[in-house]
K.L.:
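Here's a structure for you.
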Amino acid sequence: MAQDGVLSYLEPLETRTRGVAVLDALAEMIERAGLSVGDRLPPEVSLATTLGVGRSTIREALNRWEGLGIIRRRRGDGTYLAAKVRTSRGLAPTMIRFEGEALLRLVEVRRALENEVVRKATVNATKAQRAEISRLCDVLLADVAARRNWHKADAAFHGAIYEASGNPMFGEILHKLDEALERSNESPFGRDDFGLDSFPPHRDLADAIVAADPAQAVAAINDVLDKVRDEIEMIIDTGAFSGKVADFSGSKARQINGLKHITASTKR
């Protein structure tokens, strides 16, 4: 389709809205114009003129899409679709769904890498490393149960597993993957209470590594990733996320579930 024809699916915004409104308009243009992966988008200046916003606003919006892997820029050639774009038809806002779909792609990549690193760590870890992984798991689960910020403890736990694998490149690659995925300030995927259901299997993972049981360790990390995947899919499908408070006082965890609706004012 000619570039002018694609632009015909855009209308000027009533105000010089930044962010979500621009992204929603671009998503609707792409869907109505029937653009698919590999197709080129109209130039930034044409998009800005048609929407009645500044070029910097378009660039900022496209930067967010690039961070989610939705588009690819080719220097001197233009901007191309790298993933399927559909406007939201459910309760979740379009950008939240885009972020969720990007996270699902990331989970798929992580699964391939995590399975191998966990297997290697279970086989190669020294007695001291196994003990440290178990200790760090205790610290992580205690932070989660106390509703403290758990990110540092989580990084330490997984970092110890990466180190025990004998190949530090695993950790570097996985860290870069997480950094590459941009999440908006309104994203439920950046909240401390996102993914809490995935923490109890961390104990199973640590115990399997201590027991030098590769099959159980791989099963445990897949359980962790499955729970993260399931919550992402629920948010995409329902526009709500499950806030869970885990009780790690015993060998098992109890989950207290509650649904909190996503709103545009939600902050990390």
K.L.:
Can you sort out the partners of D154 under salt bridge (charged side-chain N to carboxylate O under 4.0 Å, His left out), two or more places apart, ordered by chain and number?
P.N.:
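If we apply the salt bridge (charged side-chain N to carboxylate O under 4.0 Å, His left out) test to D154, skipping adjacent residues, there are no hits.
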
K.L.:
Can the ring centres of F170 and Y162 be said to be less than 6.0 Å apart?
P.N.:
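No: the rings miss the under 6.0 Å criterion.
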
K.L.:
Check this for me: does any side-chain nitrogen of one of E132 and R135 sit under 4.0 Å from a carboxylate oxygen of the other?
P.N.:
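A salt bridge is present here (some side-chain N lies under 4.0 Å from a carboxylate O).
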
K.L.:
Assigning hydrophobic clusters by single linkage (Ile, Leu, Val, Met, Phe, Trp, Tyr; side-chain heavy-atom cutoff under 4.5 Å), is V37 placed with W65?
P.N.:
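No, V37 does not connect to W65 through the hydrophobic network.
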
K.L.:
Can you name the residues that form a salt bridge (charged side-chain N to carboxylate O under 4.0 Å, His left out) with R75, not counting sequence neighbours?
P.N.:
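Not a single residue meets the salt bridge (charged side-chain N to carboxylate O under 4.0 Å, His left out) criterion with R75.
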
K.L.:
Does one hydrophobic cluster hold both Y80 and L68, with members joined at side-chain heavy-atom distances below 4.5 Å?
P.N.:
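Result: no, two separate clusters.
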
K.L.:
Identify the two heavy atoms, one from L113 and one from L174, that lie closest to each other, and give their separation to 0.1 Å.
P.N.:
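That would be CD1-CD2, 3.7 Å.
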
K.L.:
Return the set of residues passing side chain to side chain contact (heavy atoms under 4.5 Å, CB included) with R73 (not counting sequence neighbours), or none when no residue passes.
P.N.:
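Only E44, R59, L62, N63, E66, T79 meet the side chain to side chain contact (heavy atoms under 4.5 Å, CB included) criterion with R73.
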
K.L.:
Go through the side-chain N and O atoms of N115 and N222 and say whether any donor and acceptor fall under 3.5 Å apart.
P.N.:
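Yes, a side-chain donor-acceptor pair sits under 3.5 Å.
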
K.L.:
Applying salt bridge (charged side-chain N to carboxylate O under 4.0 Å, His left out), can you list everything that pairs with R229, at least two apart in sequence or on another chain?
P.N.:
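For R229, the residues satisfying salt bridge (charged side-chain N to carboxylate O under 4.0 Å, His left out) (neighbours in sequence not counted) are D226.
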
K.L.:
With rounding to the nearest 0.5 Å, note down the distance linking CG in L51 to CD1 in I58.
P.N.:
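Reported value, rounded in 0.5 Å steps: 5.0 Å.
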
K.L.:
Before we go on, tell me: are the rings of H158 and H175 under 6.0 Å apart, centre to centre?
P.N.:
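No - the distance between ring centres of H158 and H175 does not fall below the 6.0 Å cut-off.
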
K.L.:
Sequence neighbours excluded, which residues qualify as salt bridge (charged side-chain N to carboxylate O under 4.0 Å, His left out) partners of E114?
P.N.:
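With neighbours one apart ignored, the set is R110.
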
K.L.:
Could you tell me which residues satisfy side chain to side chain contact (heavy atoms under 4.5 Å, CB included) with A164, sequence neighbours excluded, listed by chain and number?
P.N.:
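With sequence neighbours excluded, A164 shows a side chain to side chain contact (heavy atoms under 4.5 Å, CB included) to A121, A125, Q129, I133, given in chain and number order.
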
K.L.:
Between the side chains of S134 and R203, does any donor sit under 3.5 Å from an acceptor?
P.N.:
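Distance-only check passes for S134 and R203.
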
K.L.:
Looking at E108, I'd like to know if its CD atom is crowded, meaning that more than 12 non-hydrogen atoms belonging to other residues, nucleotides or ligands lie closer than 6.0 Å.
P.N.:
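For E108, atom CD is not crowded (no more than 12 foreign heavy atoms under 6.0 Å).
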
